[in-house]
Amino acid sequence: MSAVRRPLKSLGQNFLVDGNVIDKIIQAAEIRQGQSVLEIGPGRGALTATLSVCAGELVLIEFDHALASWHQEQFKDQRNVRVIDGDVLKVDLSDLLAERADRWNVVANLPYNISTEVLFRLYGVHNRISRMTLMLQKEVGDRLIAPPDCSAYGVTTVLLGLWFDISRAFVVHPGSFHPSPKVDSVVLNFIPRSEARAEVGNEDVFRSVVKIAFSMRRKTLVNCLKSAEFAKKINCLELLDVCGIDGRRRGETLSLEEFATLSRWVTKHI
Ligand code: SAM
């Protein structure tokens with residue numbers, strides 16, 4: 001890729017240049033021969049050629065038009081590789097991943113500026129995924145594996161934790177990229193669960209309960225819940241009382257199971 005222009009900061013272009021880290025990501029992804037693989041943001045292709053050898057079908061989604069065209073040219077004779085020249089946040093992942101009967105292995109070194117939004121989208125298609133190996137800014141990754149009652153614990157921890165078992169594979173230091181980011185990164189493995197970690201009733205309700213509980217971290221749980229749309233129909237003091245949860249607690253102290261208890265009750269009563 002000698003003729004390629006400078007990396008674009010606006011697209012989070014920190015390209016992997018460390019062969020050892022590249023090998024470790026490929027190993028962590030545990031791709032089975034012939035599997036369907038989605039790579040988000042292939043960039044200059046640090047992982048892509050290896051993925052294309054194992055994958056039955058490899059779909060690349062790349063927003064940088066010049067890089068997408070380069071991949072199109074690169075793989076024009078490889079019928080198992082398809083390049084989507086576009087924004088992952090605009091692609092209908094549900095439609096895309098429904099195109100193949102088997103579940104997809106998702107691999108990405110995510111652009112940091114959109115990683116949380118991408119995580120929410122992948123959460124929405126968890127039932128089409130067999131495994132995800134994602135590199136994230138370490139701070140974002142730490143949130144996903146944080147226990148309750150610590151500052152890193154938040155909406156992404158609880159929502160992603162409902163459907164995925166998440167574990168840390170390894171930390172990646174800035175020197176492994178060009179250009180070097182200012183912060184450490186982390187590679188996480190996400191294994192979808194066959195059943196949700198807890199019965200939540202309606203999942204839209206679960207999402208809104210979790211989001212509202214974390215919306216004002218300094219406020220008590222009862223005060224957060226009172227500002228929810230469902231509070232127009234539900235008495236929040238009664239809700240907390242029947243669920244056995246002290247309303248003076250902060251949202252960030254609740255376990256996923258406690259959020260599920262609240263969500264089940266709200267689902268039944270709205
Ligand atoms: N996978 C390559 C690597 O590991 O070297 C590149 C990773 S780089 C951190 C992120 C890549 O995502 C870049 O190639 C960037 O152009 C691409 N990207 C940024 N925003 C995107 C978006 N909204 N949709 C798809 N790709 C995007």
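Residue indices begin at 1 and follow the sequence shown. Whatever order the structure lists them in is the order used to number ligands and atoms, beginning at 1.
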**Q.** Shortest heavy-atom approach to atom 1 (N) of ligand 1 - which of Gly41, Ala108, Ser185, Pro7
**A.** Gly41
Q: Measure from atom 2 (C) of ligand 1 to every heavy atom in Ser176, Ala46, Pro42 and give the option owning the shortest one.
A: Pro42
Q: Under the side-chain contact (heavy atoms from CB on, under 4.5 Å) rule, what do Glu30 and Asn105 come out as? Steps first, then yes or no, please.
A: CA-CA 9 Å; Glu30 293 185 7; Asn105 195 323; 5.5 Å; no
Q | Distance filter under 4.0 Å to Gly86 heavy atoms, resulting ligand 1 atoms | A | 24 (N), 25 (C)
Q. Between Ile114 and ligand 1, which part of the residue brings a heavy atom under 4.0 Å of the ligand: side chain, backbone, both or neither?
A. side chain
Q.
Tell me the contacting part of Met135 for ligand 1: side chain, backbone, both, or neither, using a 4.0 Å heavy-atom threshold, strictly below.
A. neither
**Q.** Check: Gln35/Asp102 side-chain N/O donor and acceptor closer than 3.5 Å
**A.** no
Q: Below 4.0 angstrom from a heavy atom of Ile61, which ligand 1 atoms are there? Numbered from 1 as shown, please.
A: 25 (C), 26 (N)
Q: Please state whether the rings of Phe164 and His126 are parallel, tilted or perpendicular, taking 30° and 60° as the class boundaries.
A: perpendicular
Q) Do we see a donor-acceptor contact under 3.5 Å between the side chains of Ser52 and Gln78? A) yes
Q | Atom indices of ligand 1 within 4.0 angstrom of Gln13 heavy atoms, with elements | A | 13 (C), 15 (C), 16 (O)
Q. Under 3.5 Å, is there a donor-acceptor pair linking the side chains of Thr133 and Asn189?
A. yes
Q. Would you say the side-chain atoms of Glu39 and Thr48 include a donor-acceptor pair closer than 3.5 Å?
A. yes
Q: State, without any angle test, whether Glu99 and Trp104 hold a side-chain donor-acceptor pair at a distance under 3.5 Å.
A: no
(Q) At less than 4.0 angstrom from any non-hydrogen atom of Glu39, what atoms of ligand 1 do you find? (A) 1 (N)
Q.
Among all the protein's non-hydrogen atoms, which is closest to atom 17 (C) of ligand 1, and how far away is it?
A. Glu62 OE2, 3.3 Å
Q.
What I want to check is whether the side chains of Tyr112 and Glu139 have a donor and an acceptor closer together than 3.5 Å.
A. no
Q) Is there a donor-acceptor contact under 3.5 Å from the side chain of Arg103 to the main chain of Ile129? A) yes
Q: Starting from the C-alpha separation in whole Å, work towards a yes-or-no answer on side-chain contact (heavy atoms from CB on, under 4.5 Å) for Phe177 and Met135.
A: CA-CA 12 Å; Phe177 302 87; Met135 171 129 62; 3.7 Å; yes
Q. When you measure from atom 3 (C) of ligand 1 to every protein heavy atom, which one gives the shortest distance, and what is it?
A. Asn109 ND2, 3.5 Å
Q.
Suppose we measure from atom 24 (N) of ligand 1 to each protein heavy atom; which comes out shortest, and what is that distance?
A. Val88 N, 2.9 Å
(Q) One residue to check: Asn14. Relative to ligand 1, which of side chain, backbone, both or neither has a non-hydrogen atom less than 4.0 Å away? (A) backbone
Q) Going by distance alone, is a donor N or O of one side chain under 3.5 Å from an acceptor N or O of the other, for Thr267 and Asn202? A) no
Q | Residue, atom name and distance, where the atom is the protein heavy atom closest to atom 5 (O) of ligand 1 | A | Leu16 N, 2.8 Å
Q: Provide the number and element of each atom of ligand 1 under 4.0 Å from a heavy atom of Gly12.
A: 8 (S), 9 (C), 10 (C)
(Q) So if I count the atoms of ligand 1 from 1 in the order they appear, which ones are less than 4.0 Å from some heavy atom of Asp87? (A) 22 (C), 23 (N), 24 (N)
Q: Establish, from distance only, whether the side-chain atoms of Ser36 and Arg100 form a donor-acceptor pair under 3.5 Å.
A: yes
Q.
I'd like to check which ligand 1 atoms, numbered from 1 as shown, lie under 4.0 Å from a non-hydrogen atom of Asp64.
A. 16 (O)
(Q) Return the closest protein heavy atom for atom 19 (C) of ligand 1 as residue, atom name and distance. (A) Leu11 O, 3.1 Å
Q) Which residue and non-hydrogen atom of the protein lie closest to atom 26 (N) of ligand 1, and at what distance in Å? A) Phe63 N, 3.3 Å
Q | Option of least heavy-atom distance to atom 20 (N) of ligand 1 (set: Pro111, Gly45, Pro181) | A | Pro111
